[in-house]
Amino acid sequence: VCVVALVGFVLLCISYQPDEKTCAQFTVKLLYFLLSALALVACVLAVAFAAHHYLQLTKFTCDTIQDSCQCKLDTADPLGRTFVYQDTDCGSLSSMLSLYLLLQMALNLVAALVCLLMCFVVWKHRYQVFYVGVRFQLLTAAEGHGQQV
């Protein structure tokens with residue numbers, strides 16, 4: 001996301017030429033679009049993994065053992081995975097880690113929406129600016145030429 005922001009600042013510094021007449025402008029726009037799309041995917045994955053960890057954290061059964069908090073999903077399963085959080089107690093773990101994961105989900109969701117907006121803006125600027133009059137003039141010229149034959 002930081003690299004996308006830096007490329008965006010470089011794009012702002014390049015003098016604007018209509019219809020992308022400069023190679024540098026086209027290259028930076030293409031790089032900006034691809035990096036924005038990649039950052040969008042990374043942010044969505046970060047939200048998904050943080051949400052998964054948050055859901056696991058809500059189902060944990062935790063015990064404090066020797067200055068660490070050991071948590072299990074299923075206490076009846078002897079082969080179940082045990083998560084060990086060093087140098088913390090279980091009370092602060094559940095409150096602070098839950099808050100941290102919720103904050104991480106919210107910030108990554110905001111970053112994903114910004115990246116999606118930037119992809120949309122670059123795409124719309126490049127591919128959805130149509131000059132309708134040019135097409136009608138071409139059709140009119142072709143029809144007129146067809147009638148003369």
Side-chain angles (χ1 to χ4, degrees), residues 1-139 142:
V1 174
C2 293
V3 173
V4 173
L6 290 174
V7 172
F9 285 130
V10 169
L11 186 61
L12 285 175
C13 294
I14 295 175
S15 61
Y16 178 75
Q17 296 291 327
D19 297 330
E20 297 173 352
K21 291 183 180 177
T22 62
C23 183
Q25 183 180 354
F26 175 75
T27 304
V28 173
K29 274 187 179 180
L30 180 65
L31 181 66
Y32 185 67
F33 179 77
L34 293 175
L35 287 176
S36 293
L38 184 65
L40 173 65
V41 171
C43 288
V44 169
L45 284 174
V47 169
F49 282 114
H52 176 69
H53 194 181
Y54 179 77
L55 287 176
Q56 278 188 334
L57 186 66
T58 58
K59 297 176 185 177
F60 280 163
T61 303
C62 299
D63 297 320
T64 303
I65 300 172
Q66 299 176 355
D67 292 339
S68 66
C69 184
Q70 295 185 358
C71 301
K72 288 183 110 177
L73 281 173
D74 186 12
T75 55
D77 185 12
L79 298 176
R81 186 171 176 187
T82 301
F83 297 92
V84 179
Y85 297 95
Q86 297 290 334
D87 300 327
T88 186
D89 63 334
C90 294
S92 66
L93 173 76
S94 62
S95 64
M96 292 303 291
L97 190 57
S98 297
L99 180 64
Y100 170 73
L101 289 172
L102 288 173
L103 182 65
Q104 185 180 5
M105 284 187 288
L107 291 176
N108 278 314
L109 186 62
V110 168
L113 291 174
V114 168
C115 289
L116 180 65
L117 178 68
M118 290 301 102
C119 286
F120 175 74
V121 166
V122 171
W123 184 267
K124 184 171 178 64
H125 182 263
R126 176 68 179 114
Y127 292 110
Q128 291 186 355
V129 179
F130 297 113
Y131 299 102
V132 178
V134 174
R135 179 166 173 84
F136 285 129
Q137 289 173 358
L138 290 175
L139 287 175

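By convention here, the first residue in the shown sequence is residue 1.
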For the residue pair Ser68 and Tyr85, establish whether any side-chain heavy-atom pair is separated by less than 4.5 Å.
no
CG (Leu97) and CG (Leu57) are apart, to the nearest 0.5 Å, by 5.0 Å
Working to the nearest 0.5 Å, report the span between CD of Gln56 and NZ of Lys59.
8.5 Å
Are there over 12 heavy-atom neighbours, none belonging to Asp77, within less than 6.0 Å of that residue's CG?
yes
Where Met105 and Ala50 come nearest, the two heavy atoms and their spacing
CG-CB, 3.5 Å
Could you give the distance from CZ (Phe60) to CG (Asp74), rounded to the nearest 0.5 Å?
12.0 Å
May I ask you to check if the distance between the SG atoms of Cys62 and Cys69 is under 2.5 Å?
no
Indicate yes or no for a side-chain donor-acceptor contact from Ser98 to the backbone of Ser95 under 3.5 Å, with no hydrogens or angles considered.
no
Minimum heavy-atom distance Cys119-Ala37, with the two atoms named:
SG-N, 3.5 Å
Min side-chain heavy-atom separation Leu73-Arg81 under 4.5 Å
no
Side chain to side chain, Leu45 and Val41, heavy atoms closer than 4.5 Å
yes
Can you tell me how far CG of Leu35 sits from CG of Leu40, rounded to the nearest 0.5 angstrom?
12.5 Å
Out of curiosity, Thr27 OG1 to Lys29 NZ, how far, rounded to the nearest 0.5 Å?
11.5 Å
Can you tell me how far the CZ atom of Phe9 sits from the OH atom of Tyr32, to the nearest 0.5 Å?
9.0 Å
Sort out for me which residue in Val4, Leu31, Leu117, Val114 forms a side-chain contact (heavy atoms from CB on, under 4.5 Å) with Ser36.
Val4
How close do Asn108 and Val47 get, counting heavy atoms only, and between which atoms?
CB-CG2, 3.4 Å
